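As the structure is a prediction and not an experimental result, all values here were calculated from the model. Every heavy atom of this structure was used, including side-chain atoms; hydrogens, water molecules and symmetry mates were not.
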Amino acid sequence: MTEFAVMPLADYAAACDAVRALDGGTDAIVSGALATRIAALSAAESGSAAAGKIYGVRWDKSSSTKLTRTDDAAGFSEPVPAIGGTGGSSPFDHILPWAGMQKIEDAAAGTMVVIPKFYYRWVDSSDALTLQIASEPVSGFSVSPAHMARGDGAGERDVVYLARYKCAGTSGISISGAAPTATLTRAAFREGAAALGTGYSQQDFAMFWTLRMLFLVEYASWDGQSSIGCGCGDGSAAAETGTTDGMTYHTGTMQESLDAYGQGVQYRWIEDPWGGLLEWVDGCYFDGDHNLFLIPNPADFSDDTGGTEVGALNLYGYVTEWYIPTADGFEWALLPAAVGGSAGSYIPDSCGLFSGPCMTVGGQYKQQSTVAGPFRIYATSVSAAYATIGARLQRLP
């Protein structure tokens, strides 16, 4: 039987107390589900310290979309997503940080998902790309990008929050049962998020890769659509938010099979990360020479100013290779380095980095396409305000 390493209950309870204490406990209330998870973690604790446990995956850079599990994840069984909204299990359900990803209610932003801090390392060689994750500091590892110090004086965050739902309704927050907000520029969404108060912004590239790293290690695949659900749309306009509210498990599809298109896919309570509307991603922009600049501090987010240059991109097609930036502190920001794959090979999502400075990810509006999984990255113009593009909130406490 695999021995799961979990954070000691006292440490996890302290982290949850910190969540409750945010802004006097008025805008971030730990839900009953999270309290239940604390108890479950206590019951599952094997007596082993979480420190030193590493969970990894290795890609041999072949055309296969599958990765090999390494380190303490070697020998793990494959996760089983919910199908038709029922079932679901994962060997990571008792392992932090995955086990700590729970829904909370935020008075300003709506329903959010808490993501505990973790540590990661990418290792690139001529014949392999390896990703490793640990819940405690490990020599040679870096703090996860969403939790890193961002130059705003707050230092590293123990937890961050990502909206469960896309921005929706007249308020443009994370609520169920409302039409997703669209036809706004990235700058307009940025302004609306900041108006919610200190710490709020729209999802940035650091949060994008934080969630993708967690997915990669858990599902050991570049192919999110075949792993937990095709997503995209059902041929009609984007559905109201809440498409996964009937799912009791945190990951899977409401469709009757994994290869059925339609909204209602979620990963660790994050609804439709590649379903319905595309989503703006902030904290990054491309200049006129296709150089990508990254901006960690939300107060400095811009469409054309500041940041650190991490590489140049001018590609279109299915991704076959990644480039790891060498700029200090930005090694997490993998960028498409080559294209030429297909819907069933390499990284079976497309990139289109050629048409403007502002990045969008995931989704395919109402269309049904194999290009639109978790690693789809596109760029479009500053003035774009389309019915096909929405946004997702984040909070950095």
Side-chain angles (χ1 to χ4, degrees), residues 55-70 73 76-84 87-92 98 122 128-131 133 208-233 244 249-268 270-276 278-279 315-323 334-352 360-364 367-378:
Y55 307 94
V57 287
R58 179 183 184 274
W59 180 46
D60 63 6
K61 297 190 175 181
S62 71
S63 61
S64 174
T65 63
K66 295 296 294 180
L67 290 73
T68 302
R69 299 191 186 280
T70 67
F76 274 17
S77 59
E78 291 300 312
V80 179
I83 298 177
S89 65
S90 171
F92 291 85
W98 297 270
W122 285 103
L129 179 64
T130 301
L131 170 63
I133 284 177
F208 170 86
W209 267 114
T210 293
L211 191 66
R212 269 61 183 178
M213 286 194 287
L214 291 168
F215 168 80
L216 273 176
V217 171
E218 182 168 11
Y219 276 85
S221 175
W222 295 114
D223 191 347
Q225 289 183 292
S226 67
S227 296
I228 66 174
C230 278
C232 294
T244 61
Y249 191 60
H250 51 65
T251 300
T253 179
M254 294 298 290
Q255 304 301 319
E256 293 305 311
S257 67
L258 292 179
D259 58 2
Y261 285 100
Q263 291 182 236
V265 169
Q266 65 181 10
Y267 175 66
R268 292 277 164 185
I270 307 298
E271 180 179 275
D272 286 326
W274 54 87
L278 289 80
E279 298 173 16
L315 302 170
Y316 182 85
Y318 285 98
V319 180
T320 59
E321 186 178 344
W322 295 105
Y323 163 73
L334 270 65
L335 307 172
V339 296
S342 67
S345 66
Y346 296 97
I347 298 89
D349 296 325
S350 67
C351 66
T360 66
V361 298
Q364 189 68 355
Q367 288 79 19
Q368 301 174 352
S369 173
T370 57
V371 307
F375 300 98
R376 180 181 192 267
I377 299 174
Y378 270 71

Between the CD atom in Glu279 and the CG atom in Asp272, the distance rounded to the nearest 0.5 Å is 8.5 Å
Is Met213 close to Trp122 at the side-chain level, that is, under 4.5 Å between some pair of heavy atoms? yes
Is there side-chain contact between Tyr323 and Pro336, with at least one heavy-atom pair below 4.5 Å? no
Ion pair present between Arg69 and Glu78, side-chain N to carboxylate O less than 4.0 angstrom? yes
Please work out which of the three classes, parallel, tilted or perpendicular, describes the rings of Phe76 and Phe92, given edges at 30° and 60°. perpendicular
Over all heavy atoms of both residues, which pair between Ser77 and Pro91 is shortest? Give the atoms and the distance, please. O-CG, 3.3 Å
Minimum heavy-atom separation for Val217 and Gly56, please, with both atom names. CG1-N, 4.3 Å
Measure the shortest side-chain to side-chain distance between Thr68 and Asp60 over non-hydrogen atoms and say whether it is less than 4.5 angstrom. no
According to the interplanar angle, ranging from 0 to 90°, do the rings of Trp222 and Trp59 count as parallel (below 30°), tilted (30 to 60°) or perpendicular (above 60°)? perpendicular
Kindly indicate whether the side chain of Val80, heavy atoms from C-beta on, has any atom under 4.5 Å from the side chain of Tyr249. no
Exam field: side chain Glu271 to backbone Thr244, donor-acceptor pair closer than 3.5 Å: yes
Check each of Leu67, Leu216, Thr70 against Leu131 using the side-chain contact (heavy atoms from CB on, under 4.5 Å) test, and report the only one that passes. Leu216
For Ala128, does its backbone N or O pair with a side-chain atom of Arg58 as donor and acceptor, under 3.5 Å? no
Going from OG1 on Thr360 to CZ on Arg376, what distance comes out if it is rounded to the nearest 0.5 angstrom? 6.0 Å
Taking the side chain as every heavy atom from C-beta outward, state whether Val319 and Ile377 have any pair of such atoms under 4.5 Å apart. no
Salt bridge (charged side-chain N to carboxylate O under 4.0 Å, His left out): pairs with one or both residues in residues 216-230, sequence neighbours excluded: Glu218-Arg268
Between Ser90 and Tyr219, is there a side-chain donor-acceptor contact under 3.5 Å, judged purely by atom types and distance? no
Heavy-atom side-chain proximity of Phe375 to Cys351 below 4.5 angstrom: no
Does any N or O in the side chain of Glu256 come within less than 3.5 Å of the main-chain N or O of Ile83, such that one atom is a donor and the other an acceptor? no
If the condition is side-chain contact (heavy atoms from CB on, under 4.5 Å), which residues does Asp259 pass it with, not counting sequence neighbours? Ser257
Is Leu258 close to Thr253 at the side-chain level, that is, under 4.5 Å between some pair of heavy atoms? yes
Taking Leu214's backbone N and O only, do any of them form a donor-acceptor pair with Trp98's side chain (distance below 3.5 Å, no angle check)? yes
Please determine whether side-chain contact (heavy atoms from CB on, under 4.5 Å) holds for the pair Leu129 and Leu334, giving the CA-CA distance in whole Å, both sets of side-chain angles, and the decisive distance to 0.1 Å. CA-CA 11 Å; Leu129 179 64; Leu334 270 65; 4.1 Å; yes
Quick one: are Ser227 and Phe215 in side-chain contact, heavy atoms under 4.5 Å? yes
State the OH-NE2 distance between Tyr267 and His250, to the nearest 0.5 angstrom. 8.0 Å
Whether Asp349 side chain and Gly373 backbone form a donor-acceptor pair below 3.5 Å: yes
Grab the two heavy atoms, one from Ser345 and one from Ser342, that are nearest each other, plus how far apart they are. OG-OG, 2.8 Å
So, does Thr320 use its side chain to make a donor-acceptor pair with the main chain of Ala338 at under 3.5 Å? yes
